[in-house]
Each structure stands twice: as structure tokens, then as C-alpha cells.
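In what follows, every heavy atom counts, from backbone to side chain, and hydrogens, waters and symmetry copies are set aside. None of the values given here were measured: they were computed from a predicted structure. In the text below, chain A, chain B and the rest are named by the order of the sequence lines, each starting its count at 1.
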There are 2 protein chains.
Amino acid sequence: MRAGSLQALLWERAREPHAGRWSLPGGRLGTSEDVEASVRRQLGEKVDVRGVPHVEQLAVFSAPERVPGERVVATAFLGLVPYDVDPAIPADTAWHPVDALPPTAFDHEAIVHRARNRLRAKLSYTNIGFALAPPEFTVSALRSLYSAALGYRVSATNLQRVLSRRGLLEPTGHTAPPGPSGGRPAALFRFPGKGLEVTDPFAVLRPPGGNRPAGSTGSS
Amino acid sequence: MRAGSLQALLWERAREPHAGRWSLPGGRLGTSEDVEASVRRQLGEKVDVRGVPHVEQLAVFSAPERVPGERVVATAFLGLVPYDVDPAIPADTAWHPVDALPPTAFDHEAIVHRARNRLRAKLSYTNIGFALAPPEFTVSALRSLYSAALGYRVSATNLQRVLSRRGLLEPTGHTAPPGPSGGRPAALFRFPGKGLEVTDPFAVLRPPGGNRPAGSTGSS
DNA sequence: TCAAAAGTGTTAGATATACACCCATGC
DNA sequence: GCATGGGTGTATATCTAACACTTTTGA
């Protein structure tokens, strides 16, 4: 997520198969780590990205011919980095807009699009924005973020109201200086939580009584 | 799903490790099949359940010590069978209520609970009920199904209205005969679609315009 | 004083639950 | 006729998008 569009970090393959095409960073699972630990390790070792605020499983891709040669089963992950973080990445890697990917290797385009859909869905009913936003931000910066990720124009007015109602916007008391052409200085906010929370679990078909007890999320 | 409660098909382990405990049906992935094909094959071969209307990936379980001995990575699935189907299952397998499981092997209890949570969520925003209901059903039968799966009392009145609005209830024109104590005969309905569809994708934070084009689901 | 950006008040629409009331059948 | 289960009509509550309007700054 940078420069006003949702972007994915891809790595240009030097060797066959699919030399010259772009692929997602990844690697083999070690014998003493689980898949999430493995993803975080690969991100650190291969593209030097650390401290990713949120990582979650997407799906297993296992079609027998998805990769030439011996069958490879991949567990795909969605990992999110705040838009103000710009890690030093190797020369053969680059960020690419998710809506205009270069030629990709294997089934990695499908994986990226699946990740995008997951992100879009969770922006609506969770606090997942915390993983894409800097520690402090203005509502209009958040509006740009949501617009870029969702693919349609989001109103800052209503975004603030919806997120405030859910307790996802905490004023820090600070303000950001206005731009060169003036304007009222924007208040700065933060996300109160640091982990993923489901904020609107009963979007429809809610249980009777309408009472929504305070802390009732949990995902087993 | 049978006898008024959500149930899972488990298999009693005869051998160590975890002999006597109950485990989910499963097995190794073949070299020429993907994970979904493998799941359907295992269900057919091991517990003689075929034609499962809906199967979906849950998550990968990969903790190094989840199974004694050599590390085993499992891709867990949620599979649903209509409540009127009662396949002939082997002697060492049985249906168990998801809310009162017997001692389970490995991390299978966590997997079952995760599956239950996934089902509960999707009952609210998809047509996943089609996989649990018979071809034709009354609204009150559907009410029992939803109540058992969700764990709270669902009103038949409102269930009918909500599902009708979404186009998920199609009258067949037939009626079911009343019970021995009388009562108005119930109309029979069917689910129009046979595959999973997201019916309420924009529960919150919907895009501007409010126009929800007819066929806009898709999950990549 | 004016333009620009931020933020608030208010309205209207959609969707859901709750509950009262009517319908059709068996005894 | 009356009990029983099925189905509809009608509030009411909640949440959201839309939009007008006010606030605060720089030139």
C-alpha cells in the first residue's frame, strides 16, 4: 500500500521456470516452525521486511500442475504493512499495483487477487485498517487508504462516523499542520487495538435481544 | 447436522497415538489431486460419504508438535451434509454434537470449533444453508436448522423475511401435510442456487450509490 | 476577504427484530 | 368450535449514505 494504490511486493525470478516473471516472496516450511512463523521468517530473510503488523492465512493452493516439476503445495498468506513504512528491499524486488500486475509466475496472480478480496471484506467488518495505517493519521489520510484498498470513493465524513461508532478511532490530541494552500489543521487519530478484532460480527441475522455484549469476538 | 443439533462425524482411533480418542476423517494428499479432491476422496473411501453439497477450506494447521512423531501439516476443511441424509457409516465412526465432543485426538477439537464458527458466520451473509437443507423444506424446518447451527433461537417469521428478501427462498408450490395435532399445512420451499453465493457482501461500509448490481459475488 | 480543507448537524433510506393479528387444518 | 401450527402486516430500532453548513487555517 503506497502512492495512493494498493500494491504487492513481488520478486522477479532470475531462473527457470518462469524466469523474468514476478512471483510472491516465499519458501519452504522448516521442520520446527509453523506456517505463520515461516512466512515471517521468509519476509525477513528474503525481502528484509520485519515487524509486519498483520499476517493471516488465505488458502492452500495445491493443484497438481500449479508449478512445473514435482508437486508443490503452497499455503498463501496475506501480510499488511503500513503505507508510511518503506523497507529497504532487494534490487530484484519491487512494489506493483494490485490492479495492474506485471506477468506473474505460476498461480500467483490468483493468489494476489484473493488476498485483495480478503482485505476488502475485512476492511468492512474488522479493524484491519490498523495494519495499513501509521501510528497517527488524519481522517483524510485514512480515507485515501480505504479508497485505494476498496476501489471506490469513500467519504471522509461517513468513514469517521462509522469507525468512531465502533470505537476504532481514538483522538491523540495532536493536529497535523495544514497544507501550503491553507485549510483547517486536521486532528490526528490512532487505532486503539494492535491486533485484529471483529467489530461487526452480527451484520445480519443478529441474535434476539439486540444486546451486543461488549467483548464478544474471538476466532478460536 | 441431525437430531436438532449440529454434529460432526468422528472416527474412533484404534491405534496409538491417541488410541480411543476421536479424530476427524482424513488422510494423505495424493500426488495427482488437489486438497479438495483429496477431501472428497477421503470422505468417500473412509466413511462412505459421497456427494457432499459443500466443502471449503478452513485453515492449515502446522504447529510442529501438533502430532507426535514426524511433523504433519494438515489442511482442515468444512464439509456440510443435509440433515435428512444419513449415510451408512462404518462401525467405528459416529456423529457427535459439536457442543459436547468426546475426547478428541490431536488438535481436532480446535478444528471442529473453527469449522463451527465459520459455518455460523456464513449462515448470516451467504446462502450456505442450501448445503444443510433437503431439496424441499418448510420454513419451520429451516428455522430449526438455523437455530441449532447458530446456537440461539431464530424466529421463523423473520428468517423467512430475511431470506426471501435476498432471493434465497423459492416456493415450490407444494405443501407439507400438517402434524397429528392439526395446524395449517406448511408451504415448501427450495434454495434456488446450488453453489455458495455471498448474498450480503456490503454489510457495512457499502460503496456510494447504494446500487447493488444483480450478480456481483465471485470469490476469485 | 476569500479559498481550501476539516469537521458537525441533519435527513432520508435500507434492513432487521418484535409483536399483534389473520389463515388453514384436525379433532 | 377450538386448539395448533403457519403466515402476514405493521411498528420500531439501528445503522448508513448523502448533503448542507460551520469551523479554522493560509495567502
Side-chain angles (χ1 to χ4, degrees), chain A residues 123-125 136-147 150 152-189 198-213, chain B residues 123-125 136-147 150 152-189 198-213:
Chain A
L123 279 173
S124 276
Y125 67 91
E136 293 197 351
F137 50 84
T138 65
V139 170
S140 65
L142 202 63
R143 187 198 70 82
S144 305
L145 192 170
Y146 272 71
S147 295
L150 290 172
Y152 54 81
R153 186 187 312 280
V154 174
S155 138
T157 296
N158 294 327
L159 181 65
Q160 175 169 19
R161 229 182 302 252
V162 169
L163 296 187
S164 292
R165 170 189 295 275
R166 299 182 188 165
L168 295 187
L169 278 186
E170 195 172 73
T172 64
H174 310 151
T175 57
S181 60
R184 175 172 170 175
L188 289 170
F189 295 85
V198 175
T199 56
D200 222 280
F202 304 122
V204 282
L205 234 65
R206 39 180 94 90
N211 53 344
R212 198 175 305 177
Chain B
L123 279 173
S124 276
Y125 67 90
E136 294 197 350
F137 50 84
T138 65
V139 171
S140 65
L142 202 63
R143 186 199 71 82
S144 307
L145 193 170
Y146 273 70
S147 294
L150 290 172
Y152 54 81
R153 186 187 311 279
V154 173
S155 137
T157 297
N158 295 326
L159 182 66
Q160 174 169 18
R161 227 181 307 250
V162 168
L163 297 187
S164 293
R165 170 190 294 276
R166 300 182 187 166
L168 294 187
L169 279 187
E170 195 173 72
T172 64
H174 309 152
T175 58
S181 59
R184 174 173 170 174
L188 288 171
F189 295 85
V198 176
T199 57
D200 221 281
F202 304 122
V204 283
L205 235 66
R206 41 180 91 93
N211 52 344
R212 196 175 307 176

Give every pair of a protein N or O atom and an N or O atom of nucleotides 23-25 of chain D that lie under 3.5 Å apart, one pair per line with the distance.
unit_1	atom_1	unit_2	atom_2	d
dT23(D)	O2	Arg184(A)	NH1	3.2
dT24(D)	O2	Arg184(A)	N	3.2
dT25(D)	O2	Gly183(A)	N	3.0

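- The separation between Arg143(B) atom CZ and dA18(C) atom C1' is 15 Å, rounded to whole Å.
- In the helix from dT1(C)-dA27(D) to dC27(C)-dG1(D), the end axes, each obtained as the rotation axis mapping the C1' atoms of four pairs onto the next four within a five-pair block, lie 20° apart to the nearest 10 degrees.
- When all heavy atoms of Arg166(A) and Ser124(A) are compared, the pair lying nearest together is NH1-O, 3.0 Å.
- Put simply, CZ on Arg165(B) is 15 Å from P on dG13(C), counting in whole angstrom units.
- Among the protein residues, Pro177(B) comes within range of no part of the nucleic acid, since none of its heavy atoms lies under 4.0 Å from any strand.
- Here the straight-line distance linking atom CG of Leu145(B) with atom CG of Leu150(B) works out to 9.0 Å at 0.5 Å rounding.
- Rounded to a whole Å, the CG atom of Leu168(A) is 11 Å from the P atom of dT16(D).
- Taking atom CG of residue Asn158(A) and atom P of nucleotide dA18(D), one finds them 7 Å apart after rounding to whole Å.
- Using a 4.0 Å heavy-atom cutoff across all strands shown, Ala187(A) reaches sugar-phosphate atoms only and no base atom.
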May I have the list of side-chain donor-acceptor pairs in residues 171-184 of chain B shorter than 3.5 Å, sequence neighbours left out?
unit_1	atom_1	unit_2	atom_2	d
Thr172(B)	OG1	His174(B)	N	3.2
Thr172(B)	OG1	Leu188(B)	O	3.1
His174(B)	ND1	Glu136(B)	OE1	3.2
His174(B)	ND1	Glu136(B)	OE2	3.0

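- Atom CG of residue Leu159(A) and atom OH of residue Tyr146(A) lie 6.0 Å apart, to the nearest 0.5 angstrom.
- Distance OH (Tyr146(A)) to C1' (dT16(D)): 15 Å, rounded to an integer number of Å.
- For dT8(D), the OP1/OP2 oxygens have a side-chain nitrogen or oxygen of Gln160(B) closer than 4.0 Å.
- Residues passing the side-chain contact (heavy atoms from CB on, under 4.5 Å) test with Ser140(A), sequence neighbours excluded: Thr138(A).
- The residue among Gly179(A) and Ala186(B) whose nearest nucleotide of DNA chain D is located toward the 5' end is Ala186(B).
- Considering only the side chain of Thr157(B), dC19(C) comes nearest among dT15(C), dA17(D), dC19(C).
- Here the CG-CG distance, from Leu163(B) to Leu142(B), works out to 6.0 Å after rounding to the nearest 0.5 Å.
- Among residues two or more places apart in sequence or in another chain, the side-chain contact (heavy atoms from CB on, under 4.5 Å) test is passed with Ala156(A) by Val139(A), Arg143(A).
- Within the structure, every side-chain polar atom (N or O) of Arg166(B) is placed at least 4.0 Å from both OP1 and OP2 of dA14(C).
- The CG atom of Leu159(A) sits 13 Å away from the C1' atom of dG7(C) (whole-angstrom rounding).
- In this view, Phe189(B) satisfies the ring pair (Phe, Tyr, Trp, His ring centres under 6.0 Å) rule with no residue, not counting sequence neighbours.
- Between the CZ atom of Phe189(B) and the P atom of dG6(D) there is a distance of 12 Å, given to the nearest Å.
- Following rounding to the nearest Å, Arg153(A) (CZ) and dA18(D) (P) show an atom-to-atom distance of 11 Å.
- Remark: the Arg161(A) side chain and the dG7(C) base include no donor-acceptor N/O pair separated by less than 3.5 Å.
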